[in-house]
Amino acid sequence: QVQLVESGGGSVQPGGSLRLSCQAAGFTVDEYPVGWFRREPGKEPEGVSCLSNTDGSPHYDDSVKGRFTISRDSTKNAVFLQMNSLNVEDTGVYFCAAAPATISAQYMCMRAHYGYWGQGTQVTVSS
(Lines give C-alpha, C1' and ligand atoms only; values in the text may rest on other atoms or scores of the structure.)
Protein backbone atom coordinates (compact mmCIF):
# COMPACT_ATOMS: atom_id res chain seq x y z
CA GLN A 1 0.00 0.00 0.00
CA VAL A 2 1.43 3.35 -1.05
CA GLN A 3 1.71 5.90 1.72
CA LEU A 4 3.15 9.40 1.71
CA VAL A 5 3.67 11.40 4.89
CA GLU A 6 4.77 15.03 4.74
CA SER A 7 6.51 17.01 7.44
CA GLY A 8 8.45 20.21 7.82
CA GLY A 9 5.79 22.83 7.28
CA GLY A 10 5.43 25.84 9.53
CA SER A 11 5.29 29.61 9.74
CA VAL A 12 8.13 31.80 8.54
CA GLN A 13 8.72 35.41 7.67
CA PRO A 14 9.27 36.53 4.10
CA GLY A 15 12.79 35.70 3.01
CA GLY A 16 12.94 32.66 5.26
CA SER A 17 13.48 29.01 4.41
CA LEU A 18 11.79 25.70 5.07
CA ARG A 19 12.58 22.15 4.11
CA LEU A 20 9.69 19.82 3.50
CA SER A 21 10.11 16.07 3.78
CA CYS A 22 7.97 13.29 2.39
CA GLN A 23 8.44 9.80 3.73
CA ALA A 24 7.29 7.18 1.25
CA ALA A 25 6.17 3.61 1.87
CA GLY A 26 4.84 0.91 -0.40
CA PHE A 27 7.06 1.91 -3.31
CA THR A 28 10.55 3.29 -3.85
CA VAL A 29 10.94 6.96 -4.68
CA ASP A 30 13.06 6.08 -7.71
CA GLU A 31 10.24 3.97 -9.12
CA TYR A 32 7.59 6.62 -9.75
CA PRO A 33 7.50 10.29 -10.64
CA VAL A 34 7.13 12.28 -7.44
CA GLY A 35 6.17 15.86 -6.88
CA TRP A 36 5.14 18.64 -4.55
CA PHE A 37 1.87 20.44 -5.03
CA ARG A 38 0.54 23.53 -3.32
CA ARG A 39 -3.09 24.18 -2.53
CA GLU A 40 -4.13 27.75 -1.89
CA PRO A 41 -7.43 28.48 -0.12
CA GLY A 42 -10.37 27.76 -2.39
CA LYS A 43 -8.23 26.32 -5.15
CA GLU A 44 -7.12 22.93 -6.39
CA PRO A 45 -3.53 21.83 -5.76
CA GLU A 46 -1.07 23.05 -8.39
CA GLY A 47 2.31 21.58 -9.22
CA VAL A 48 5.26 23.34 -7.60
CA SER A 49 8.05 20.93 -8.39
CA CYS A 50 8.21 17.40 -9.75
CA LEU A 51 10.90 14.83 -10.33
CA SER A 52 11.07 12.39 -13.20
CA ASN A 53 11.63 8.70 -12.49
CA THR A 54 13.34 8.12 -15.85
CA ASP A 55 16.11 10.69 -16.08
CA GLY A 56 15.82 12.30 -12.67
CA SER A 57 15.19 15.71 -14.17
CA PRO A 58 13.44 18.23 -11.93
CA HIS A 59 10.61 20.41 -13.08
CA TYR A 60 9.66 23.69 -11.43
CA ASP A 61 6.81 26.09 -11.68
CA ASP A 62 8.09 29.44 -12.91
CA SER A 63 7.13 31.06 -9.61
CA VAL A 64 9.63 28.97 -7.64
CA LYS A 65 12.52 28.56 -10.07
CA GLY A 66 15.79 29.52 -8.46
CA ARG A 67 14.28 29.38 -4.97
CA PHE A 68 13.03 25.82 -4.51
CA THR A 69 14.93 22.58 -4.97
CA ILE A 70 13.38 19.13 -5.14
CA SER A 71 15.42 16.06 -4.32
CA ARG A 72 15.04 12.45 -3.27
CA ASP A 73 17.08 10.11 -1.15
CA SER A 74 16.72 6.47 -2.11
CA THR A 75 18.43 5.28 1.06
CA LYS A 76 15.77 7.02 3.14
CA ASN A 77 13.01 6.48 0.59
CA ALA A 78 12.08 10.12 0.93
CA VAL A 79 11.50 13.20 -1.18
CA PHE A 80 12.41 16.71 -0.11
CA LEU A 81 11.60 20.26 -1.08
CA GLN A 82 14.06 22.93 -0.01
CA MET A 83 12.31 26.28 -0.10
CA ASN A 84 14.39 29.45 0.12
CA SER A 85 13.55 33.13 -0.18
CA LEU A 86 9.96 32.40 0.71
CA ASN A 87 7.34 35.02 0.01
CA VAL A 88 3.72 35.48 0.95
CA GLU A 89 2.56 33.92 -2.32
CA ASP A 90 4.17 30.62 -1.30
CA THR A 91 1.61 30.18 1.47
CA GLY A 92 -0.55 27.09 1.20
CA VAL A 93 -0.90 23.44 2.02
CA TYR A 94 1.88 21.44 0.41
CA PHE A 95 1.20 17.90 -0.70
CA CYS A 96 3.62 15.22 -1.67
CA ALA A 97 2.36 13.05 -4.50
CA ALA A 98 3.45 10.10 -6.59
CA ALA A 99 2.31 8.95 -10.00
CA PRO A 100 1.71 5.27 -10.74
CA ALA A 101 3.28 5.50 -14.19
CA THR A 102 5.93 7.38 -16.09
CA ILE A 103 4.88 10.84 -17.23
CA SER A 104 6.03 12.73 -20.30
CA ALA A 105 8.24 15.66 -19.44
CA GLN A 106 5.74 18.24 -20.65
CA TYR A 107 3.13 16.90 -18.24
CA MET A 108 5.43 16.15 -15.30
CA CYS A 109 3.63 18.42 -12.84
CA MET A 110 0.11 17.87 -14.08
CA ARG A 111 -2.04 17.01 -11.08
CA ALA A 112 -4.22 14.50 -12.96
CA HIS A 113 -1.30 12.10 -13.38
CA TYR A 114 -0.70 11.75 -9.66
CA GLY A 115 -2.74 9.08 -7.96
CA TYR A 116 -1.08 8.88 -4.57
CA TRP A 117 -1.19 11.79 -2.16
CA GLY A 118 -0.07 12.60 1.34
CA GLN A 119 -2.16 14.44 3.88
CA GLY A 120 -0.41 17.78 3.34
CA THR A 121 1.58 20.15 5.48
CA GLN A 122 0.78 23.83 6.01
CA VAL A 123 3.29 26.49 5.00
CA THR A 124 2.52 30.04 6.06
CA VAL A 125 4.68 32.97 5.05
CA SER A 126 3.79 36.23 6.72
CA SER A 127 5.38 39.17 8.45
Side-chain angles (χ1 to χ4, degrees):
Q1 180 180 358
V2 172
Q3 288 188 319
L4 299 164
V5 179
E6 304 95 334
S7 61
S11 296
V12 296
Q13 293 185 336
S17 297
L18 284 173
R19 186 178 190 237
L20 304 183
S21 299
C22 173
Q23 184 63 57
F27 75 105
T28 58
V29 293
D30 290 341
E31 180 180 5
Y32 295 151
V34 290
W36 289 95
F37 292 75
R38 178 176 63 225
R39 187 183 68 198
E40 298 175 21
K43 298 182 179 180
E44 294 294 325
E46 296 293 338
V48 172
S49 181
C50 302
L51 198 56
S52 169
N53 63 319
T54 55
D55 61 7
S57 60
H59 298 252
Y60 297 99
D61 183 79
D62 286 345
S63 65
V64 306
K65 283 181 180 177
R67 300 187 299 120
F68 289 13
T69 303
I70 189 172
S71 63
R72 61 184 163 208
D73 187 332
S74 300
T75 63
K76 298 179 179 179
N77 206 33
V79 183
F80 306 96
L81 186 67
Q82 178 66 43
M83 306 188 294
N84 299 328
S85 302
L86 285 160
N87 56 54
V88 175
E89 290 72 30
D90 296 318
T91 294
V93 179
Y94 283 71
F95 296 88
C96 176
T102 297
I103 305 171
S104 298
Q106 63 193 105
Y107 304 121
M108 189 60 62
C109 264
M110 184 174 288
R111 182 180 68 243
H113 291 292
Y114 289 78
Y116 304 113
W117 293 79
Q119 82 288 351
T121 185
Q122 176 71 44
V123 171
T124 303
V125 185
S126 69
S127 55

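The structure presented is a predicted model; accordingly, all values stated were derived computationally and were not measured.
- Going from atom CD of E46 over to atom CE of M110 covers 10.0 Å, rounded to the nearest 0.5 Å.
- The salt bridge (Lys or Arg N to Asp or Glu O under 4.0 Å) analysis of residues 94-103, with sequence neighbours excluded, yields no pairs.
- Between atom NE2 of residue H59 and atom OH of residue Y107 there is a gap of 13.0 Å, rounded to the nearest 0.5 Å.
- Here salt bridge (Lys or Arg N to Asp or Glu O under 4.0 Å) pairs that include residues 68-89, with residues two or more places apart or in two chains, are D30-R72.
- With sequence neighbours left out, the side-chain contact (heavy atoms from CB on, under 4.5 Å) criterion links D55 to S52, S57.
- I70 belongs to a hydrophobic cluster whose remaining members, ordered by chain and number, are V2, L4, V12, L18, L20, F27, V29, Y32, V34, W36, V48, L51, Y60, V64, F68, V79, L81, M83, L86, Y94, Y116, V123, V125; membership requires side-chain heavy atoms of ILVMFWY residues under 4.5 Å apart, directly or through intermediates.
- By the 4.5 Å heavy-atom criterion applied to side chains, R111 and F95 are not counted as neighbours.
- Contact detail for C109 and S49: the closest heavy-atom pair is SG-C, 3.5 Å.
- Closest non-hydrogen pair, H113 versus A99, comes out as O-CB, 3.3 Å.
- Taking both residues in full, the closest heavy atoms of A78 and Q23 are given as CB-OE1, 4.1 Å, listed atom of the first, atom of the second, then distance.
- Heavy atoms only, all atoms of each residue included: S127 and P14 are closest at N-CD, 3.8 Å.
- Of the inter-residue distances, the one linking Q82 atom CD with R19 atom CZ reads 6.5 Å to the nearest 0.5 angstrom.
- Every side-chain hydrogen bond (donor to acceptor under 3.5 Å, both in side chains) that T102 has, sequence neighbours left out, goes to N53.
- Interatomic distance, OG of S7 versus CZ of F80, reported as 8.5 Å (0.5 Å rounding).
- With sequence neighbours left out, R67 forms a salt bridge (charged side-chain N to carboxylate O under 4.0 Å, His left out) with D90.
- The minimum heavy-atom distance between Q122 and T91, with the atom names listed, is NE2-CG2, 4.1 Å.
- Proximity of a side-chain donor or acceptor of S85 to a complementary backbone N or O of G15 within less than 3.5 Å is not detected.
- Looking at P45 and Y114, their side chains never come closer than 4.5 Å, going by heavy atoms from C-beta outward.
- The shortest non-hydrogen separation linking N84 to S17 is OD1-OG, 3.0 Å.
- Separating the CD atom in E6 from the OG atom in S21 is a distance of 10.0 Å, to the nearest 0.5 Å.
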